[in-house]
Every structure is written in C-alpha cells, then in structure tokens.
Engineer: 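Next up is a structure, given as structure tokens.
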Amino acid sequence: MKKITVLKPLTTRRQLLLSGLALALLTQKKTQAKQPASPALARPAARTSAKRIVMIDPGHGGIDSGAVGEEGSEEKHVVLEIANNIRRLLSEHAHIEVRLTRESDHFIPLGQRVEIAHQHGASLFMSIHADGFTSPTANGASVFALSNRGASSAMARYLSKKENAADDVGGVQAKDKDHYLQQILFDLVQTDTIKNSLNLGKHVLNQIRPVHHLHSEHTEQAAFAVLKSPSIPSVLVETSFITNPEEEKLLGSTAFRQKIASAIATGITHYFDEYDRHPGRV
C-alpha cells in the first residue's frame, strides 16, 4: 500500500476517513478487474503537500468525439484546448498544482477519471465540456454538480444521460461503472461534498457571467457519473453548446477559449480563497 502523505489544507478528518474507504473500495475493484492503467494513471506526478491539486478533466477523447458542431468541430479537441489554458493560468499560482486526466486524444472511462483524481489526492475535480442539444438554438454556459435526488431541470437530465453514455461508446461494461456510488459511503459524505461542489459552481458561474451568456443562472444538479467521487468537490462545466452555430465559431477561436478558461480559473482560485478565509464553511 502506498504511503499516505501530509494532508493538504482542504482535507478534514472526515474526508480522510471517506477517502480511505474510497481507496479501499478502489483497491478491491482493481484487484478484481486487473485492468491495465491508463497513461495518466501509469505516470502519476510527484505529490507536493504544500500545494492543492486541481484535477481538470477534458471530456471525451479517442473513439468518443463528444458532440460535433455543424461545421465539424469535435468537442473532444475543443475542451482539451480549454483545459490546457486553465492549467496554464492556474500554474501561475504557487499554491496550486494542476493535472489533467488526459493530455492527448485517448479514451478514458468515466469511473477511471474519478479514480485518477483520487490517486493524485485532488482537492477538487472539474470536467470540461462543450456539449450539444437536439435544437441548434440551445446556447450559453452551465455548471453542474452531482445530485442523488434526480435532475434539477430537463436540460440537466438530458445532458447527464448523454454524458453518462460515453462509456457505452468506449465499450465499458455496466458492471465496471459507478463503484463510487455505493450507498453507505455516499450517504456519509453527500451533504458535505455536494455542498462544496455547489459552492465551487457558484464561484465559476460568477466569473463566467460577465464574459459569456449563461444557460442557467445557478448550478444545476444531475446524476453525472463523472462527478461521483465520495469526497472530492466536483463540477462539470459546459462552456457552450457546440451544436449552436454561433457558439461553435466562438469555441473555435483562441480568444474565446482563453477568455472562458480565465473565468473558470478565477472561479477556482476564488473558491480556495473563500475556504482560506472561512475554513470549514465552504
């Protein structure tokens, strides 16, 4: 078993217990499955206890292109560019270290993205998307947190169902999914983790609002598989709808990708700043 390093400031004794339980479940799962690790899991970066680890997850990848725009833009490429911009901006902060679940165009199952965050001891997890809808008029940015009580809107329900189908594209069997959502463990942590996730979403929305139209003014909730960590505050950011012709053009521009990345990065730093001012209340 790997040696546990010094806890980062955002780690409480409660979170330590829950993370330990999650690690035990993960170890048991890996022993049973004996699956080869993804490239991101095979080369974990050295831990730095003085820094907070931010795990950015560019959605989709490899065989799973994600949503495709009218002009052929693929979500998987757009979100990787935005994620790299977020990493560059956050890396300017000495107390933050950013890692990506994928740095190239390859497929990672949804549950394994959560495993990567736990293995790296992440303080927060953020999945970046540029999704599509049945109507090309759907537009604006949204932020989602986990819900165990059903989706907060029809759009949240639609998008979570669509995103959760990514594993089907990659051929991941249903029995390999959702092992973090074991009921007893989730019940222990759901209040704290979802509360922190909603607060993180609030900070991100506050920063996006001045620079881009919002599809929803508040953090939506749905049962996104990629947000099911028991102890890491996690949100999914829909930067825009790539199926909207105008927003597809925006997403294809360097200026917009940098602007939306800057808003997201600032939202993350404000979330950490609030915690530092009022520890235990975030």
Side-chain angles (χ1 to χ4, degrees), residues 8 10-12 14-16 18-19 21-23 25-26 40 52-60 79 82-83 86-87 90 96-102 108-129 131 141-149 151-152 156 159-160 163-164 166-167 177-182 185-205 208 216 218-239 264-265 267-272 274-275 282:
K8 295 179 293 302
L10 283 186
T11 306
T12 64
R14 178 187 178 89
Q15 289 173 320
L16 174 59
L18 294 166
S19 294
L21 289 171
L23 181 59
L25 291 170
L26 174 58
R52 285 163 174 166
I53 306 298
V54 172
M55 185 61 66
I56 303 296
D57 172 48
H60 309 283
V79 297
I82 294 173
I86 296 171
R87 175 168 60 177
L90 287 178
I96 295 176
E97 184 171 344
V98 183
R99 299 172 190 176
L100 305 186
T101 54
R102 68 176 181 93
I108 305 176
L110 299 176
Q112 196 169 51
R113 294 170 189 259
V114 182
E115 292 173 7
I116 292 171
H118 274 273
Q119 188 179 63
H120 287 260
S123 294
L124 65 81
F125 175 94
M126 180 177 289
S127 193
I128 305 297
H129 291 259
D131 219 328
S142 305
V143 179
F144 297 86
L146 182 65
S147 170
N148 67 322
R149 298 181 179 179
S152 57
L159 291 177
S160 63
E163 294 296 350
N164 291 347
D167 278 355
K177 297 190 288 186
D178 286 2
H179 58 83
Y180 277 102
L181 198 60
Q182 299 198 22
L185 181 60
F186 189 80
D187 285 347
L188 284 170
V189 75
Q190 63 180 346
T191 302
D192 288 344
T193 302
I194 292 178
K195 180 187 73 174
N196 288 339
S197 299
L198 290 169
N199 194 48
L200 171 60
K202 178 195 71 175
H203 283 289
V204 173
L205 285 171
I208 293 177
S216 179
H218 63 276
T219 304
E220 296 272 7
Q221 291 182 264
F224 286 91
V226 78
L227 302 182
K228 291 179 179 178
S229 165
S231 57
I232 302 173
S234 305
V235 296
L236 183 148
V237 179
E238 295 286 0
T239 55
I264 292 169
I268 290 172
T269 59
H270 283 195
Y271 168 77
F272 285 141
E274 181 180 348
Y275 183 89
V282 178

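On a predicted model such as this, the values are computed, not experimentally measured, just so you know.
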Engineer: Looking at side-chain heavy atoms only, is the closest gap between F224 and S127 below 4.5 Å?
Structural biologist: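 No, too far: nothing below the 4.5 Å cut-off.
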Engineer: For the CD1 atom of I268 and the NE2 atom of H270, what is their distance to the nearest 0.5 Å?
Structural biologist: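 Going from CD1 on I268 over to NE2 on H270, the span is 11.5 Å.
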Engineer: Compare all side-chain heavy atoms of V54 with those of S123 and state whether any distance is below 4.5 angstrom.
Structural biologist: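 V54 does not reach S123 side chain to side chain.
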Engineer: Atom OG1 of T193 and atom CG of L227: how far apart are they, to the nearest 0.5 Å?
Structural biologist: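 Between T193 OG1 and L227 CG, I get 11.5 Å after rounding to 0.5 Å.
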Engineer: Evaluate the side-chain proximity of L198 to I194: yes if any heavy-atom separation is below 4.5 Å, no if none is.
Structural biologist: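 Of all side-chain heavy-atom pairs linking L198 with I194, at least one is under 4.5 Å.
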Engineer: Do H118 and P230 come close enough that some side-chain heavy atom pair is under 4.5 Å?
Structural biologist: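 Yes, at least one pair of side-chain atoms sits under 4.5 Å.
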Engineer: F272 vs L124, test: side-chain contact (heavy atoms from CB on, under 4.5 Å). Steps then yes/no.
Structural biologist: CA-CA 10 Å; F272 285 141; L124 65 81; 3.5 Å; yes
Engineer: Is the backbone of R102 close enough, under 3.5 Å, to the side chain of R113 for a donor and an acceptor to pair up by distance?
Structural biologist: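 It does not hold such a pair.
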Engineer: Looking only at heavy atoms, what is the nearest atom pair of P58 and T101, with distance?
Structural biologist: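 Of all heavy-atom pairs spanning P58 and T101, the closest is CD-OG1, 3.4 Å.
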Engineer: Heavy atoms only: give me the nearest P233-S231 pair and the separation to one decimal.
Structural biologist: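 Smallest heavy-atom distance, with atoms named: CD-O, 3.7 Å.
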Engineer: First locate atom CG of L146, then atom OG of S234, and finally report the distance between them rounded to the nearest 0.5 Å.
Structural biologist: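 These two atoms lie 8.0 Å from each other.
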Engineer: Test side-chain contact (heavy atoms from CB on, under 4.5 Å) on Y275 and R52; report intermediate values, then the result.
Structural biologist: CA-CA 12 Å; Y275 183 89; R52 285 163 174 166; 3.8 Å; yes
Engineer: Working to the nearest 0.5 Å, report the span between CZ of R99 and CG of L90.
Structural biologist: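 That separation rounds to 13.5 Å.
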Engineer: Hey, what do you get for CG (L100) to NE2 (H120), rounding to the nearest 0.5 Å?
Structural biologist: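 Reported to 0.5 Å precision, the distance equals 10.0 Å.
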Engineer: Measuring from atom NZ of K202 to atom OG of S197, what distance do you get when rounded to the nearest 0.5 angstrom?
Structural biologist: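 K202 NZ to S197 OG: 13.0 Å, rounded to 0.5 Å.
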Engineer: Is E238 reaching over with its side chain to a backbone N or O of D131, donor-acceptor style, under 3.5 angstrom?
Structural biologist: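 Answer holds: yes.
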Engineer: Are S147 and E220 side-chain neighbours, meaning at least one heavy-atom pair lies under 4.5 Å?
Structural biologist: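 When only atoms from C-beta onward are counted, E220 and S147 do not touch, as no gap falls below 4.5 Å.
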Engineer: Walk me through whether Y271 and N196 qualify under side-chain contact (heavy atoms from CB on, under 4.5 Å).
Structural biologist: CA-CA 9 Å; Y271 168 77; N196 288 339; 3.6 Å; yes
Engineer: Do the side chains of M55 and I232 get nearer than 4.5 Å, heavy atoms only?
Structural biologist: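 Not touching, per the 4.5 Å side-chain cut-off.
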Engineer: Among V98, I264, L236, D57, which one satisfies side-chain contact (heavy atoms from CB on, under 4.5 Å) with M126?
Structural biologist: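 Filter result, single survivor: I264.
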Engineer: I'd like to check F125 versus I116 (side-chain heavy atoms, cut-off strictly below 4.5 Å). Are they in contact?
Structural biologist: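 Contact flag for F125/I116 side chains = no.
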